[in-house]
Amino acid sequence: MCRFNVAATPLATRPYDLRHAAVSTWLNGGVPPTKVAEWAGRSVDVLLQVHAKCLDGQDQIAQRHVQTTLGRGPKRE
């Protein structure tokens with residue numbers, strides 16, 4: 001049987017934190033919540049309940065999308 005040496009770091013004590021960080025990063029990166037929920041194995045409702053507080057800067061992104069859709073912003077490629 002193999003033995004693994006695990007470094008004594010905060011990351012090794014709570015691996016779930018890595019999952020939470022990944023999901024939050026995907027959402028902040030603009031990946032649609034439906035896709036993130038699929039990747040994380042959660043429903044969109046649960047995903048947003050847990051991670052909505054982690055979203056940052058989404059207002060500006062959403063406003064740009066609306067302005068572009070209305071023909072008032074930079075054109076999408």
So the salt bridge (Lys or Arg N to Asp or Glu O under 4.0 Å) pairs with at least one residue in residues 25-40 (sequence neighbours excluded) are Lys35-Glu38
Within the 4.5 Å heavy-atom criterion, are Val23 and Trp39 side-chain neighbours or not?
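A side-chain contact is absent here, since even the closest heavy-atom pair is not under 4.5 Å.
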Grab the two heavy atoms, one from Pro33 and one from Leu48, that are nearest each other, plus how far apart they are.
CB-CD2, 4.3 Å
Checking Thr34 now: which residues fulfil side chain to side chain contact (heavy atoms under 4.5 Å, CB included) with it, not counting sequence neighbours?
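Once residues adjacent in sequence are excluded, the partners of Thr34 under the side chain to side chain contact (heavy atoms under 4.5 Å, CB included) criterion are Pro32, Val44.
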Please identify each residue that fulfils side chain to side chain contact (heavy atoms under 4.5 Å, CB included) with Val46, with sequence neighbours left out.
Arg42, Ser43, Val50
With Gln49, which residues qualify under side-chain hydrogen bond (donor to acceptor under 3.5 Å, both in side chains), at least two apart?
none
Go through Thr25 and Val31 one step at a time and tell me if the side-chain contact (heavy atoms from CB on, under 4.5 Å) criterion holds.
CA-CA 9 Å; Thr25 300; Val31 178; over 6 Å; no
